[in-house]
Amino acid sequence: MALAPVAYTLWQQFLRYDPQDPIWPNRDRFVLSNGHASMLLYSLLYLAEVRAVDPKYEVLGTPAVSLDDIKQFRQINSKTPGHPEYRLTSGVETTTGPLGQGVSNSVGMAIAGQWLAARYNRPGFEIFDYNVWAICGDGDMQEGVASETASLAGHLKLPNLCWIYDNNHVTLDGPAKWSMSEDVGARFRAYGWNVLHVEDANDTSALANAFQAFLNTRDRPTFIIVNSHIGYGSPHKQDKSAAHGEPLGEDEVKLAKKSYGWPEDAKFLVPDGVIEHFREGVGKRGRNLCQQWEKLFDDYKKKFSIEADQLSRMQRRELPNGWDKNLPTFPADAKGVATRESSGKVLNAIDLDTSTKTHLNFEGAGEFQAGSYAGRNIHFGVREHAMGSIANGLSVSKLRPFTATFFNFSDYMKPPIRLAAIMELPVIFIYTHDSIGLGEDGPTHQPIEQLATLRAVPGLVVLRPADANEVVEAWKVIMQLKREPTALVLTRQAVPTFDRSRYASAAGVAKGAYILADGGQPQVILMATGSEVSICIDAYEKLKAEGIQARVVSMPSWDIFEHQPREYREQVLPPGVKARVAVEQASTFGWAQYVGPEGVIIGMHTFGASAPLKELQKKFGFTPDKVFEAARKLVKGS
Ligand SMILES: Cc1ncc(C[n+]2csc(CCOP(=O)(O)OP(=O)(O)O)c2C)c(N)n1
Ligand SMILES: [Mg+2]
């Protein structure tokens, strides 16, 4: 409630936002990073009469949040969950709640704004010039990810970004001073931000001056520190419940109403004239701005039809025609190529830019830096958490981001991966150095439990292709996803490119798992992902030479496989075949569901070790001989 004057001044006087078109591409973005104050956002959406949008991006006549929705605060199936959820409630620009994420997403939104402007604006056609406003609290300031993203935003000198810090000196933990004593403003000045102070959150003219100062500052981001006091001088415990989403106590509510001179017993009271007041303020201003923009964009469409077409496809997450026409296929090659290498080739061959008719070479696609905001490569430095959160911010802005780092450090990105899945954002998280196969860097760099962890995230598609042609097929799958994030897990070391005239086509990747090699009715099934599939192929050939009929199932994506009809799944893994061996250079967690009670899992039960790859494979049992022996034992009983 202490933030109400801040939000009111911002929405009513500054925010360029049309409640009648909440998906207007050039709208200012408003992010409530302290998501536990969700009721503030719901009240704004209700009072400003923001309209609902359906999943087909059609603006509806119904409100995004009605008074009835507000009465259903935090109840099942309501539009007003405990924390604001993107997708669920129109007008919510990103899901917030995990502190630090919202402000970090806002950096991605600001980058997207600068990139869109640099790439699509033309003289006389400033079709993108939106600002991104984020309200945040002490918790956001304490979480590391916000420091990472603030540092990067300062480096990039993003002029369209404003963070408003609710400096109320209190966190859930108690007074903020128990755990924090730095000068936050000095920290942001050191990051290169413009730092402003508002002494009293109730001083709407001081707030307006600060917001105007942000608009006048076009060479760096702005940080406004607003001093506020939680509650109304009542005992601290009751104050805190108010701040953290739980409704105020009965007495608290009465006290508050009394202090505003309202009838103390009225509930859900919206005094006469309030809605009209918002209609005259943000409503009218926003509608005018949006209509002017629509006129401008109509002219833009006539002059720059290719660009306009790209923009409207992006808004709907549609691919350009012929995006896949230059995808390579890879000839059989026993020595092979690392999947991170083949993936790089595929990525550069995906033709996303039909205007220039050139193949993108991402390495040469330009660097996104202050002064060159049209670049496609963002240098995150060593900031994985920031990278994930910023990618989510780019994705809600309808760009299609991919990120890349070592698989082991997906741990540093888990919160944004999880939020991408919750928000149903098609962010592509690329991970290389995907197993102990990375060798000498040793156990600190060798992922073990990361595959199991990511496979457990609902809605996240995890893909670990086995060879170069599976990489191509994996990209075909990924590019067509509109609502699912992906983790693409790739090797550092070379893996053989299978002879697809001898084994099955890699097109089976689209089904998540497929029969790669088969000798008729199988006596034993060997299953694996990524670099371990070739070990299974070698074992398969040895078994064949011994007269044992084996089948190799390549399983690049459990998630996709689980979505196939039962008939297909049972065709690949016939329930009658109980002799099964799974091979993966990772935690065995989860494989039991595929090998069953009689099967064998060759996986990792400890952390890895620093040694050359060959030594590690011997030490941990990832050799064709081991797989062969396990399979033979299952079939022959010894
Ligand atoms: C990453 C994360 N950790 C913990 C929480 C639980 N939590 C919710 S509100 C809150 C206190 C936040 O303090 P502050 O940002 O100062 O908000 P205020 O209490 O001032 O509204 C905490 C720790 C959370 N939402 N996110
Ligand atoms: Mg606080």
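Just so you know, ligand 1 is whichever comes first in the structure, and atom 1 is the first atom listed for that ligand. When reading the values below, keep in mind they use all heavy atoms of this one structure, side chains included, and skip hydrogens, waters and symmetry mates.
- Any N or O atom pair closer than 3.5 Å counts here, and His36 shares at least one such pair with ligand 1.
- Separation of atoms CG (Leu116) and CG (Asn26) is listed at 9.0 Å; rounding is to 0.5 Å.
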**Item:** Phe368/Trp115 under ring-ring contact (aromatic ring centres under 6.0 Å, His included): CA gap, chis, key distance, verdict
**Value:** CA-CA 8 Å; Phe368 185 94; Trp115 186 83; 8.5 Å; no
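- Atoms of ligand 1 found under 4.0 Å from any heavy atom of Gly139 (numbered from 1 in listed order, with element): 13 (O), 14 (P), 15 (O), 16 (O).
- Between Phe409 and His445, a ring centre-to-centre spacing shorter than 6.0 Å is recorded.
- Gly97 counts as a contact of ligand 1, since one of its heavy atoms falls under 4.0 Å from the ligand.
- Distances below 4.0 Å separate heavy atoms of Thr171 from the following atoms of ligand 1: 13 (O), 16 (O).
- The Mg ion (ligand 2) has Asn168 among its coordinating residues (N/O/S atom, backbone or side chain, under 2.8 Å).
- The contact set between ligand 1 and Pro98, taken as ligand atoms under 4.0 Å from a residue heavy atom, comprises 26 (N).
- Listed by number with element, the atoms of ligand 1 under 4.0 Å from a non-hydrogen atom of Gly137 are 15 (O).
- Among the backbone and side-chain atoms of Ala176, no N/O/S atom is found under 2.8 Å from the Mg ion (ligand 2).
- Under a 4.0 Å heavy-atom criterion, Val170 is in contact with ligand 1.
- The distance criterion of under 3.5 Å between nitrogen or oxygen atoms is met by Asn168 with respect to ligand 1.
- Closest approach between the Mg ion (ligand 2) and any N/O/S atom of Asp138 involves OD2.
- At distances below 3.5 Å, not a single donor-acceptor pair connects side-chain atoms of Thr89 with backbone N or O atoms of Val92.
- Those atoms of ligand 1 that come under 4.0 Å of a heavy atom in Glu143, given as number and element, are 1 (C), 2 (C), 3 (N).
- For Asp21, there are no side-chain hydrogen bond (donor to acceptor under 3.5 Å, both in side chains) partners two or more places apart in sequence or in a different chain.
- Between Arg317 and Glu424, no side-chain nitrogen of the basic residue sits less than 4.0 Å from a carboxylate oxygen of the acidic one, so the salt-bridge criterion is not met.
- With respect to Asp129 and Arg16, a salt bridge is recorded, a charged nitrogen being found less than 4.0 Å from a carboxylate O.
- Every residue two or more places apart in sequence or in another chain that forms a side chain to side chain contact (heavy atoms under 4.5 Å, CB included) with Glu148 is listed here: Arg383, His385, Ala386.
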